[in-house]
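Notes to accompany the following structure.
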Protein chains: 2
Amino acid sequence: MRMTEVDGPVTGDAGRAAAAGAVLLAGDDLWSDLPPTARAIVVAAIDSFADRGFHATTLRHIAAGSGLSTAALYVHFRSKDDVLFEVSRRGHARALGLVRAAAAGEPAGHAFRTLVYAFSRWHAEQRTVARVVQYEFAALGPEHREQVTVLRRATERIVREVVAEVFGGVDPERPDVRGVATAVLSLGVDVARWFTPSGPYTPDGIGRLYCELAERMLVPARV
Amino acid sequence: MRMTEVDGPVTGDAGRAAAAGAVLLAGDDLWSDLPPTARAIVVAAIDSFADRGFHATTLRHIAAGSGLSTAALYVHFRSKDDVLFEVSRRGHARALGLVRAAAAGEPAGHAFRTLVYAFSRWHAEQRTVARVVQYEFAALGPEHREQVTVLRRATERIVREVVAEVFGGVDPERPDVRGVATAVLSLGVDVARWFTPSGPYTPDGIGRLYCELAERMLVPARV
DNA sequence: GTCTATATGACGATAGAC
DNA sequence: GTCTATCGTCATATAGAC
(Lines give C-alpha, C1' and ligand atoms only; values in the text may rest on other atoms or scores of the structure.)
Protein backbone atom coordinates (compact mmCIF):
# COMPACT_ATOMS: atom_id res chain seq x y z
CA MET A 1 0.00 0.00 0.00
CA ARG A 2 1.36 3.39 -0.89
CA MET A 3 1.36 5.63 2.16
CA THR A 4 0.30 8.69 0.25
CA GLU A 5 -3.07 7.55 -0.96
CA VAL A 6 -6.20 9.24 0.24
CA ASP A 7 -8.67 6.82 1.81
CA GLY A 8 -11.94 8.66 1.48
CA PRO A 9 -13.76 10.84 -1.03
CA VAL A 10 -12.06 13.97 -2.30
CA THR A 11 -15.25 15.98 -2.51
CA GLY A 12 -15.94 18.74 -0.01
CA ASP A 13 -13.41 21.06 1.65
CA ALA A 14 -11.79 18.36 3.74
CA GLY A 15 -11.56 16.06 0.73
CA ARG A 16 -9.85 18.68 -1.37
CA ALA A 17 -7.43 19.42 1.48
CA ALA A 18 -6.73 15.69 1.78
CA ALA A 19 -5.99 15.43 -1.92
CA ALA A 20 -3.69 18.45 -1.83
CA GLY A 21 -2.01 17.27 1.37
CA ALA A 22 -1.40 13.79 -0.06
CA VAL A 23 0.55 15.36 -2.91
CA LEU A 24 2.80 17.17 -0.43
CA LEU A 25 3.48 13.91 1.42
CA ALA A 26 4.27 11.84 -1.67
CA GLY A 27 7.58 9.97 -1.78
CA ASP A 28 8.53 10.78 1.79
CA ASP A 29 12.05 9.40 2.14
CA LEU A 30 14.29 11.72 4.08
CA TRP A 31 17.40 9.54 3.71
CA SER A 32 17.51 8.63 0.05
CA ASP A 33 20.68 10.63 -0.53
CA LEU A 34 22.68 8.88 2.19
CA PRO A 35 25.12 6.04 1.43
CA PRO A 36 23.55 2.66 2.31
CA THR A 37 25.49 2.11 5.53
CA ALA A 38 24.88 5.59 6.91
CA ARG A 39 21.25 5.17 5.99
CA ALA A 40 21.01 1.87 7.86
CA ILE A 41 22.53 3.52 10.91
CA VAL A 42 20.10 6.41 10.80
CA VAL A 43 17.11 4.14 10.38
CA ALA A 44 18.18 1.94 13.28
CA ALA A 45 18.84 5.01 15.40
CA ILE A 46 15.42 6.49 14.67
CA ASP A 47 13.70 3.25 15.64
CA SER A 48 15.53 3.12 18.94
CA PHE A 49 15.27 6.84 19.69
CA ALA A 50 11.52 6.71 19.03
CA ASP A 51 11.04 3.58 21.14
CA ARG A 52 13.35 4.18 24.07
CA GLY A 53 14.34 7.80 23.76
CA PHE A 54 17.78 9.17 22.96
CA HIS A 55 19.29 8.74 26.40
CA ALA A 56 18.08 5.18 26.82
CA THR A 57 19.46 4.25 23.42
CA THR A 58 22.98 2.84 23.50
CA LEU A 59 25.42 2.56 20.64
CA ARG A 60 24.99 -1.18 20.97
CA HIS A 61 21.29 -0.80 20.12
CA ILE A 62 22.11 1.19 17.01
CA ALA A 63 24.92 -1.16 16.07
CA ALA A 64 22.71 -4.22 16.45
CA GLY A 65 19.89 -2.58 14.50
CA SER A 66 22.16 -1.73 11.61
CA GLY A 67 24.22 -4.93 11.62
CA LEU A 68 27.49 -3.27 12.56
CA SER A 69 29.84 -3.12 15.51
CA THR A 70 29.84 -0.03 17.69
CA ALA A 71 33.28 0.87 16.38
CA ALA A 72 32.06 0.92 12.77
CA LEU A 73 29.49 3.58 13.64
CA TYR A 74 32.29 6.09 14.12
CA VAL A 75 33.32 5.80 10.49
CA HIS A 76 29.98 7.35 9.53
CA PHE A 77 29.16 9.62 12.46
CA ARG A 78 31.36 11.42 14.91
CA SER A 79 29.15 10.74 17.92
CA LYS A 80 25.76 9.56 19.04
CA ASP A 81 24.78 13.21 19.34
CA ASP A 82 25.62 13.77 15.68
CA VAL A 83 23.22 11.01 14.66
CA LEU A 84 20.45 12.66 16.65
CA PHE A 85 21.16 16.01 15.07
CA GLU A 86 21.06 14.56 11.58
CA VAL A 87 17.67 13.01 12.26
CA SER A 88 16.29 16.05 14.04
CA ARG A 89 17.52 18.55 11.47
CA ARG A 90 16.09 16.71 8.49
CA GLY A 91 12.85 15.95 10.28
CA HIS A 92 12.34 19.56 11.27
CA ALA A 93 13.19 20.69 7.75
CA ARG A 94 10.64 18.28 6.35
CA ALA A 95 7.89 19.49 8.67
CA LEU A 96 8.71 23.08 7.79
CA GLY A 97 8.68 22.20 4.10
CA LEU A 98 5.24 20.65 4.38
CA VAL A 99 3.81 23.62 6.19
CA ARG A 100 5.40 26.09 3.80
CA ALA A 101 4.11 24.24 0.74
CA ALA A 102 0.61 23.99 2.17
CA ALA A 103 0.63 27.69 3.05
CA ALA A 104 1.31 28.58 -0.58
CA GLY A 105 -2.15 27.32 -1.60
CA GLU A 106 -5.10 29.53 -2.43
CA PRO A 107 -7.48 30.58 -1.03
CA ALA A 108 -6.35 30.90 2.59
CA GLY A 109 -9.06 28.55 3.82
CA HIS A 110 -7.79 25.83 1.53
CA ALA A 111 -4.19 26.51 2.58
CA PHE A 112 -5.21 26.23 6.23
CA ARG A 113 -7.03 22.94 5.75
CA THR A 114 -4.20 21.49 3.67
CA LEU A 115 -1.68 22.55 6.30
CA VAL A 116 -3.58 20.92 9.15
CA TYR A 117 -4.17 17.77 7.12
CA ALA A 118 -0.57 17.37 5.98
CA PHE A 119 0.99 18.29 9.32
CA SER A 120 -1.21 15.89 11.31
CA ARG A 121 -0.94 13.08 8.81
CA TRP A 122 2.84 13.39 8.63
CA HIS A 123 3.06 13.00 12.40
CA ALA A 124 1.07 9.76 12.09
CA GLU A 125 2.73 8.34 9.00
CA GLN A 126 6.25 9.27 10.05
CA ARG A 127 5.63 8.95 13.73
CA THR A 128 9.04 7.51 14.57
CA VAL A 129 10.89 10.44 12.99
CA ALA A 130 8.29 12.82 14.36
CA ARG A 131 8.81 11.50 17.89
CA VAL A 132 12.50 12.18 17.65
CA VAL A 133 11.80 15.62 16.22
CA GLN A 134 9.29 16.61 18.86
CA TYR A 135 10.33 14.74 21.97
CA GLU A 136 14.12 14.52 21.76
CA PHE A 137 14.55 18.22 21.04
CA ALA A 138 15.86 18.80 24.56
CA ALA A 139 18.45 16.06 24.11
CA LEU A 140 20.25 18.05 21.41
CA GLY A 141 23.44 19.85 22.34
CA PRO A 142 23.13 23.63 22.78
CA GLU A 143 24.41 24.64 19.33
CA HIS A 144 22.46 21.93 17.54
CA ARG A 145 19.35 22.91 19.45
CA GLU A 146 19.80 26.49 18.35
CA GLN A 147 19.93 25.55 14.68
CA VAL A 148 16.80 23.48 14.98
CA THR A 149 15.00 26.22 16.87
CA VAL A 150 15.24 28.40 13.78
CA LEU A 151 13.23 25.82 11.83
CA ARG A 152 10.67 25.48 14.61
CA ARG A 153 10.09 29.21 14.82
CA ALA A 154 9.73 29.45 11.06
CA THR A 155 7.08 26.73 11.13
CA GLU A 156 5.14 28.45 13.89
CA ARG A 157 5.26 31.78 12.12
CA ILE A 158 3.84 30.36 8.90
CA VAL A 159 0.96 28.76 10.73
CA ARG A 160 0.11 32.05 12.42
CA GLU A 161 0.27 33.85 9.10
CA VAL A 162 -2.07 31.38 7.44
CA VAL A 163 -4.57 31.69 10.27
CA ALA A 164 -4.29 35.49 10.14
CA GLU A 165 -5.00 35.34 6.42
CA VAL A 166 -8.07 33.19 7.00
CA PHE A 167 -9.27 35.77 9.48
CA GLY A 168 -9.04 38.37 6.73
CA GLY A 169 -5.44 39.53 6.88
CA VAL A 170 -5.34 40.51 10.54
CA ASP A 171 -2.25 40.77 12.77
CA PRO A 172 -0.63 37.31 13.10
CA GLU A 173 0.23 38.09 16.71
CA ARG A 174 -3.36 38.73 17.71
CA PRO A 175 -4.25 36.41 20.62
CA ASP A 176 -7.07 34.60 18.86
CA VAL A 177 -4.80 33.94 15.86
CA ARG A 178 -2.01 32.68 18.09
CA GLY A 179 -4.49 30.55 19.98
CA VAL A 180 -5.71 28.69 16.92
CA ALA A 181 -2.16 28.34 15.58
CA THR A 182 -0.95 26.91 18.87
CA ALA A 183 -3.84 24.49 19.00
CA VAL A 184 -3.46 23.09 15.49
CA LEU A 185 0.29 22.66 15.87
CA SER A 186 -0.28 21.03 19.24
CA LEU A 187 -2.87 18.62 17.87
CA GLY A 188 -0.52 17.60 15.07
CA VAL A 189 2.55 17.18 17.25
CA ASP A 190 0.75 15.11 19.83
CA VAL A 191 -0.27 12.61 17.16
CA ALA A 192 3.32 11.35 17.25
CA ARG A 193 2.88 10.52 20.92
CA TRP A 194 -0.29 8.47 20.78
CA PHE A 195 -0.64 7.25 17.23
CA THR A 196 -0.21 3.58 16.45
CA PRO A 197 -0.98 1.91 13.12
CA SER A 198 -2.81 -0.82 15.03
CA GLY A 199 -5.29 1.69 16.48
CA PRO A 200 -8.62 2.83 15.12
CA TYR A 201 -7.22 5.66 12.98
CA THR A 202 -5.41 5.79 9.66
CA PRO A 203 -3.02 8.67 8.98
CA ASP A 204 -5.48 9.92 6.38
CA GLY A 205 -8.30 9.62 8.89
CA ILE A 206 -6.37 11.67 11.45
CA GLY A 207 -5.60 14.29 8.85
CA ARG A 208 -9.23 14.58 7.85
CA LEU A 209 -10.48 14.62 11.43
CA TYR A 210 -8.12 17.37 12.52
CA CYS A 211 -8.74 19.27 9.31
CA GLU A 212 -12.43 19.26 10.16
CA LEU A 213 -12.00 20.09 13.86
CA ALA A 214 -9.50 22.84 13.11
CA GLU A 215 -11.83 24.47 10.65
CA ARG A 216 -14.51 24.64 13.32
CA MET A 217 -12.07 26.57 15.53
CA LEU A 218 -11.92 29.35 12.96
CA VAL A 219 -14.21 31.84 14.58
CA PRO A 220 -12.37 35.10 15.23
CA ALA A 221 -12.62 36.19 18.84
CA ARG A 222 -14.58 39.31 19.63
CA VAL A 223 -11.62 41.66 20.02
CA MET B 1 -0.15 34.54 43.96
CA ARG B 2 -2.44 31.63 44.52
CA MET B 3 -2.30 29.32 41.53
CA THR B 4 -5.98 28.56 41.62
CA GLU B 5 -7.36 31.99 41.01
CA VAL B 6 -9.26 32.74 37.85
CA ASP B 7 -7.79 35.63 35.88
CA GLY B 8 -10.76 36.80 33.84
CA PRO B 9 -14.48 37.30 34.22
CA VAL B 10 -16.63 34.39 35.32
CA THR B 11 -19.59 35.35 33.17
CA GLY B 12 -20.41 33.34 30.07
CA ASP B 13 -20.00 29.58 29.55
CA ALA B 14 -16.21 29.67 29.55
CA GLY B 15 -16.15 31.86 32.65
CA ARG B 16 -18.41 29.48 34.55
CA ALA B 17 -16.26 26.54 33.47
CA ALA B 18 -13.16 28.43 34.62
CA ALA B 19 -14.70 29.07 38.02
CA ALA B 20 -15.76 25.45 38.41
CA GLY B 21 -12.39 24.19 37.16
CA ALA B 22 -10.48 26.43 39.54
CA VAL B 23 -12.29 24.79 42.46
CA LEU B 24 -11.18 21.36 41.27
CA LEU B 25 -7.57 22.53 41.07
CA ALA B 26 -7.46 24.18 44.48
CA GLY B 27 -4.73 23.13 46.92
CA ASP B 28 -2.90 20.95 44.45
CA ASP B 29 -0.17 19.31 46.47
CA LEU B 30 0.28 15.69 45.59
CA TRP B 31 2.99 15.02 48.17
CA SER B 32 1.65 16.57 51.37
CA ASP B 33 1.34 13.17 53.06
CA LEU B 34 4.97 12.19 52.49
CA PRO B 35 7.63 12.55 55.21
CA PRO B 36 9.81 15.62 54.56
CA THR B 37 12.84 13.75 53.24
CA ALA B 38 10.88 11.51 50.89
CA ARG B 39 9.06 14.59 49.71
CA ALA B 40 12.31 16.43 49.00
CA ILE B 41 13.52 13.44 47.00
CA VAL B 42 10.33 13.28 44.97
CA VAL B 43 10.38 17.00 44.24
CA ALA B 44 14.01 16.89 43.14
CA ALA B 45 13.32 13.84 41.01
CA ILE B 46 10.35 15.48 39.29
CA ASP B 47 12.39 18.54 38.44
CA SER B 48 15.12 16.45 36.89
CA PHE B 49 12.80 13.98 35.16
CA ALA B 50 10.87 16.88 33.64
CA ASP B 51 14.01 18.71 32.55
CA ARG B 52 16.24 15.90 31.37
CA GLY B 53 13.97 12.90 31.19
CA PHE B 54 14.10 9.79 33.36
CA HIS B 55 16.99 8.08 31.61
CA ALA B 56 19.17 11.17 31.55
CA THR B 57 18.56 11.72 35.26
CA THR B 58 21.14 10.15 37.52
CA LEU B 59 20.84 9.36 41.19
CA ARG B 60 23.51 11.98 41.70
CA HIS B 61 21.16 14.60 40.24
CA ILE B 62 18.39 13.59 42.58
CA ALA B 63 20.76 13.40 45.52
CA ALA B 64 22.13 16.87 44.83
CA GLY B 65 18.64 18.30 44.35
CA SER B 66 17.45 16.93 47.66
CA GLY B 67 20.62 17.60 49.65
CA LEU B 68 21.40 13.95 50.29
CA SER B 69 23.98 11.39 49.25
CA THR B 70 23.01 8.76 46.67
CA ALA B 71 23.17 6.12 49.38
CA ALA B 72 20.61 7.94 51.52
CA LEU B 73 18.05 7.76 48.69
CA TYR B 74 17.80 4.02 49.22
CA VAL B 75 16.47 4.47 52.72
CA HIS B 76 13.35 6.04 51.20
CA PHE B 77 13.00 4.34 47.82
CA ARG B 78 14.07 0.92 46.65
CA SER B 79 15.26 2.10 43.25
CA LYS B 80 15.21 4.96 40.78
CA ASP B 81 12.37 3.18 39.01
CA ASP B 82 10.33 3.23 42.22
CA VAL B 83 10.64 7.01 42.42
CA LEU B 84 9.36 7.33 38.86
CA PHE B 85 6.44 5.05 39.62
CA GLU B 86 5.47 7.03 42.69
CA VAL B 87 5.43 10.25 40.67
CA SER B 88 3.67 8.74 37.69
CA ARG B 89 1.04 6.92 39.72
CA ARG B 90 0.03 9.94 41.77
CA GLY B 91 0.12 12.23 38.77
CA HIS B 92 -2.10 9.94 36.74
CA ALA B 93 -4.46 9.55 39.66
CA ARG B 94 -4.70 13.31 40.00
CA ALA B 95 -5.48 13.81 36.31
CA LEU B 96 -8.13 11.11 36.50
CA GLY B 97 -9.57 12.71 39.61
CA LEU B 98 -9.86 16.07 37.90
CA VAL B 99 -11.58 14.60 34.88
CA ARG B 100 -13.91 12.52 36.99
CA ALA B 101 -14.90 15.47 39.18
CA ALA B 102 -15.50 17.68 36.16
CA ALA B 103 -17.60 15.00 34.50
CA ALA B 104 -19.94 14.92 37.48
CA GLY B 105 -21.17 18.44 36.69
CA GLU B 106 -24.51 19.28 35.10
CA PRO B 107 -25.52 19.86 32.41
CA ALA B 108 -23.22 17.88 30.09
CA GLY B 109 -22.09 21.01 28.24
CA HIS B 110 -20.89 22.53 31.50
CA ALA B 111 -19.18 19.28 32.48
CA PHE B 112 -17.41 19.21 29.13
CA ARG B 113 -16.19 22.79 29.38
CA THR B 114 -15.05 22.32 32.98
CA LEU B 115 -13.22 19.14 32.03
CA VAL B 116 -11.33 20.78 29.17
CA TYR B 117 -10.52 23.81 31.28
CA ALA B 118 -9.26 21.86 34.28
CA PHE B 119 -7.34 19.27 32.29
CA SER B 120 -5.53 21.85 30.15
CA ARG B 121 -4.84 24.18 33.00
CA TRP B 122 -3.48 21.39 35.16
CA HIS B 123 -0.99 20.47 32.45
CA ALA B 124 0.20 24.08 32.42
CA GLU B 125 0.22 24.69 36.16
CA GLN B 126 1.73 21.32 37.06
CA ARG B 127 3.73 20.98 33.92
CA THR B 128 6.72 19.30 35.56
CA VAL B 129 4.61 16.51 37.02
CA ALA B 130 2.55 16.39 33.85
CA ARG B 131 5.65 15.93 31.73
CA VAL B 132 6.70 12.97 33.79
CA VAL B 133 3.18 11.56 33.60
CA GLN B 134 2.82 11.97 29.85
CA TYR B 135 6.33 11.63 28.50
CA GLU B 136 8.03 9.16 30.83
CA PHE B 137 5.24 6.61 30.65
CA ALA B 138 7.39 4.37 28.45
CA ALA B 139 10.22 4.47 30.97
CA LEU B 140 8.12 2.63 33.57
CA GLY B 141 8.81 -1.04 34.12
CA PRO B 142 6.24 -3.44 32.59
CA GLU B 143 4.21 -4.07 35.74
CA HIS B 144 4.23 -0.42 36.80
CA ARG B 145 3.20 0.59 33.29
CA GLU B 146 0.29 -1.80 33.46
CA GLN B 147 -1.01 -0.28 36.67
CA VAL B 148 -0.80 3.21 35.24
CA THR B 149 -2.48 2.14 32.01
CA VAL B 150 -5.61 1.38 33.99
CA LEU B 151 -5.78 5.02 35.10
CA ARG B 152 -5.14 6.30 31.59
CA ARG B 153 -7.90 4.19 30.09
CA ALA B 154 -10.32 5.31 32.77
CA THR B 155 -9.55 8.94 31.98
CA GLU B 156 -10.09 8.41 28.27
CA ARG B 157 -13.36 6.60 28.85
CA ILE B 158 -14.79 9.40 30.97
CA VAL B 159 -13.93 12.00 28.34
CA ARG B 160 -15.68 9.95 25.65
CA GLU B 161 -18.71 9.55 27.89
CA VAL B 162 -18.95 13.27 28.54
CA VAL B 163 -18.72 14.05 24.83
CA ALA B 164 -21.32 11.38 24.08
CA GLU B 165 -23.60 12.97 26.64
CA VAL B 166 -23.15 16.39 25.07
CA PHE B 167 -24.11 14.84 21.75
CA GLY B 168 -27.37 13.71 23.31
CA GLY B 169 -26.48 10.39 24.90
CA VAL B 170 -25.10 8.67 21.83
CA ASP B 171 -22.65 5.74 21.73
CA PRO B 172 -19.32 6.82 23.30
CA GLU B 173 -17.49 4.71 20.75
CA ARG B 174 -18.98 6.55 17.77
CA PRO B 175 -16.13 7.92 15.61
CA ASP B 176 -17.09 11.57 15.92
CA VAL B 177 -17.29 11.23 19.72
CA ARG B 178 -13.93 9.48 19.85
CA GLY B 179 -12.48 12.12 17.57
CA VAL B 180 -13.42 15.04 19.79
CA ALA B 181 -12.34 13.14 22.91
CA THR B 182 -8.96 12.35 21.38
CA ALA B 183 -8.49 15.95 20.31
CA VAL B 184 -9.28 17.54 23.67
CA LEU B 185 -7.09 15.09 25.57
CA SER B 186 -4.33 15.67 23.05
CA LEU B 187 -4.55 19.45 23.33
CA GLY B 188 -4.35 19.23 27.10
CA VAL B 189 -1.49 16.75 27.22
CA ASP B 190 0.61 18.71 24.75
CA VAL B 191 0.42 21.78 26.95
CA ALA B 192 2.95 20.07 29.22
CA ARG B 193 5.39 19.94 26.31
CA TRP B 194 5.32 23.56 25.21
CA PHE B 195 4.05 25.56 28.15
CA THR B 196 6.38 27.88 29.99
CA PRO B 197 5.36 30.43 32.62
CA SER B 198 7.52 33.00 30.82
CA GLY B 199 5.47 32.67 27.64
CA PRO B 200 2.41 34.64 26.55
CA TYR B 201 -0.14 32.37 28.25
CA THR B 202 -1.26 31.91 31.81
CA PRO B 203 -2.59 28.52 32.92
CA ASP B 204 -6.02 30.12 33.25
CA GLY B 205 -5.67 31.60 29.77
CA ILE B 206 -4.82 28.22 28.29
CA GLY B 207 -7.75 26.65 30.07
CA ARG B 208 -10.14 29.27 28.76
CA LEU B 209 -8.73 29.16 25.23
CA TYR B 210 -9.00 25.38 24.95
CA CYS B 211 -12.39 25.44 26.62
CA GLU B 212 -13.55 27.81 23.89
CA LEU B 213 -11.90 25.95 21.00
CA ALA B 214 -13.12 22.59 22.24
CA GLU B 215 -16.67 23.80 22.44
CA ARG B 216 -16.50 24.82 18.80
CA MET B 217 -15.55 21.26 17.90
CA LEU B 218 -18.86 20.01 19.25
CA VAL B 219 -20.73 19.51 16.04
CA PRO B 220 -21.82 15.87 15.71
CA ALA B 221 -20.70 14.33 12.42
CA ARG B 222 -23.35 13.44 9.88
CA VAL B 223 -23.48 9.69 10.62
C1' DG C 1 35.40 0.08 6.10
C1' DT C 2 34.91 -3.40 9.42
C1' DC C 3 36.34 -6.00 13.09
C1' DT C 4 38.07 -7.42 18.18
C1' DA C 5 39.89 -5.61 22.12
C1' DT C 6 40.22 -2.14 25.30
C1' DA C 7 40.67 2.55 27.64
C1' DT C 8 38.27 5.58 30.62
C1' DG C 9 34.68 7.07 33.16
C1' DA C 10 29.92 7.19 35.06
C1' DC C 11 26.15 4.57 36.21
C1' DG C 12 22.87 2.22 39.85
C1' DA C 13 23.23 0.05 43.90
C1' DT C 14 25.52 -1.78 48.33
C1' DA C 15 28.67 -2.21 52.66
C1' DG C 16 29.66 -0.74 56.88
C1' DA C 17 30.99 3.12 60.15
C1' DC C 18 28.71 6.56 62.94
C1' DG D 1 18.98 7.85 58.82
C1' DT D 2 23.03 9.62 56.90
C1' DC D 3 27.55 9.38 55.49
C1' DT D 4 32.10 7.87 52.73
C1' DA D 5 33.88 4.46 50.06
C1' DT D 6 33.36 1.22 46.74
C1' DC D 7 31.54 -2.75 43.95
C1' DG D 8 30.27 -4.60 39.45
C1' DT D 9 28.49 -3.22 35.17
C1' DC D 10 27.94 -0.91 31.09
C1' DA D 11 28.37 3.48 28.75
C1' DT D 12 30.93 6.17 24.81
C1' DA D 13 34.73 6.28 22.35
C1' DT D 14 39.44 4.76 20.55
C1' DA D 15 43.52 1.63 18.91
C1' DG D 16 45.23 -1.24 15.81
C1' DA D 17 44.83 -5.62 12.99
C1' DC D 18 42.83 -7.15 8.65
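Keep in mind that what you see is a predicted model, and the values were worked out from it rather than measured. Per chain, numbering begins at 1; letters A, B, ... match sequence-line order.
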- Outer limits of DNA chain D sitting under 4.0 Å from a non-hydrogen atom of chain B, read 5' to 3', are D:dG1 to D:dT4
- Residues in contact with DNA chain D, drawn from residues 71-79 of chain B - heavy-atom cutoff 4.0 Å: B:Ala71, B:Ala72, B:Val75, B:His76
- Task: Please list, chain by chain and in numerical order, all residues satisfying ring pair (Phe, Tyr, Trp, His ring centres under 6.0 Å) with A:Phe119, sequence neighbours excluded.
- Result: A:His123
- side chain to side chain donor-acceptor pair (under 3.5 Å) against A:Gln147, all qualifying residues, sequence neighbours excluded: none
- Query: How long is the span from the CG atom in B:Asp28 to the OG1 atom in B:Thr4, to the nearest 0.5 Å?
  - Reply: 9.0 Å
- Under the salt bridge (charged side-chain N to carboxylate O under 4.0 Å, His left out) test, residues paired with A:Arg131 that sit two or more places apart: none
- A:Thr57 side-chain N/O to A:Ser48 backbone N/O, donor-acceptor pair under 3.5 Å: yes
- Query: Can you name the side chain to side chain donor-acceptor pair (under 3.5 Å) partners of B:Thr58, sequence neighbours left out?
  - Reply: B:His61
- Evaluate whether atom CD of B:Glu143 has more than 12 neighbouring non-hydrogen atoms of other residues, nucleotides or ligands under 6.0 angstrom away. yes
- Stems where DNA chain D pairs, listed by first number, each of three or more Watson-Crick or G-U pairs under 3.5 Å: C:1-18 with D:1-18
- Task: Give one of base, sugar-phosphate or nothing for A:Thr37, where a contact means two heavy atoms less than 4.0 Å apart.
- Result: sugar-phosphate
- Can you list the residues that meet the salt bridge (charged side-chain N to carboxylate O under 4.0 Å, His left out) rule with B:Asp82, with sequence neighbours excluded? B:Arg78
- Task: Can you sort out the partners of A:Phe195 under ring pair (Phe, Tyr, Trp, His ring centres under 6.0 Å), two or more places apart, ordered by chain and number?
- Result: none
- Euclidean distance, A:Asp29 CG relative to A:Arg94 CZ, rounded to 0.5 Å: 10.0 Å
- Task: Tell me which residues in residues 40-64 of chain A put a heavy atom below 4.0 Å from DNA chain D, sorted by number, or none.
- Result: A:Thr57, A:Thr58, A:Leu59, A:Arg60
- Qualifying ring-ring contact (aromatic ring centres under 6.0 Å, His included) pairs with a residue from residues 133-154 of chain B, counting only residues at least two apart or across chains: A:Tyr135-B:Tyr135, B:Phe85-B:His144
- Qualifying residues under salt bridge (charged side-chain N to carboxylate O under 4.0 Å, His left out), relative to A:Arg152, sequence neighbours excluded: none
